[in-house]
Amino acid sequence: MRSAPASPMLALVFAQYVRLRASVRSKMVLTLSEAAAISGLSKGFLNKHLSASNLSGKKIGRGWKIRPTDLEEFVNAVFTGLYESN
């Protein structure tokens, strides 16, 4: 487990991140915003790869839904150099 940062502002952001991550773990699908928050990748980057079918997801209504397992596989692929990171 990571230790909280020393700065009060960073500590607040860190606490929000920990709460978000814990609440999303139990979800079966993630929104694009949740996927971006969890992965640290931008919504634009994820959207580009969803549209190109590099990241598995389903467009439901106006937004994308992504399974956490698909997001994890995609992030691992990005960091192993399979996909461009820009």
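In this chain, numbering begins with 1 at the start of the sequence shown. Just so we're clear, the structure is a prediction, and the values are computed from it rather than from any experiment.
At a threshold of 4.5 Å between non-hydrogen side-chain atoms, the residues Leu55 and Ile66 count as touching. In this structure the side chain of Ile60 never reaches within 4.5 angstrom of the side chain of Val29, judged on heavy atoms.
Of the inter-residue distances, the one linking Lys48 atom NZ with Ser42 atom OG reads 8.5 Å to the nearest 0.5 angstrom. In this structure, CG on Leu30 lies 9.5 Å from OG1 on Thr69, to the nearest 0.5 angstrom. In this structure, CH2 on Trp64 lies 9.0 Å from CG on Leu32, to the nearest 0.5 angstrom.
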* To do: Step by step, work out the side chain to side chain contact (heavy atoms under 4.5 Å, CB included) result for Ile38 and Val75.
  => CA-CA 10 Å; Ile38 290 170; Val75 170; over 6 Å; no

* Would you please test Val78 and Phe45 for side chain to side chain contact (heavy atoms under 4.5 Å, CB included) and show each step? => CA-CA 11 Å; Val78 167; Phe45 180 78; 4.0 Å; yes

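Judged as a side-chain contact (heavy atoms from CB on, under 4.5 Å), and not counting sequence neighbours, the contacts of Thr31 are Ser33, Glu34, Lys65. Every residue two or more places apart in sequence or in another chain that forms a side-chain contact (heavy atoms from CB on, under 4.5 Å) with Asn54 is listed here: His49, Ala52, Phe74, Tyr83.
Residues Ser39 and Leu71 come closest through the heavy atom pair CB-CD1, 4.2 Å.
Residue pairs meeting the salt bridge (Lys or Arg N to Asp or Glu O under 4.0 Å) criterion with at least one partner in residues 67-78, sequence neighbours excluded, are Arg67-Asp70.
With hydrogens and angles disregarded, a donor-acceptor distance shorter than 3.5 Å links the side chain of Thr80 to the backbone of Ala77.
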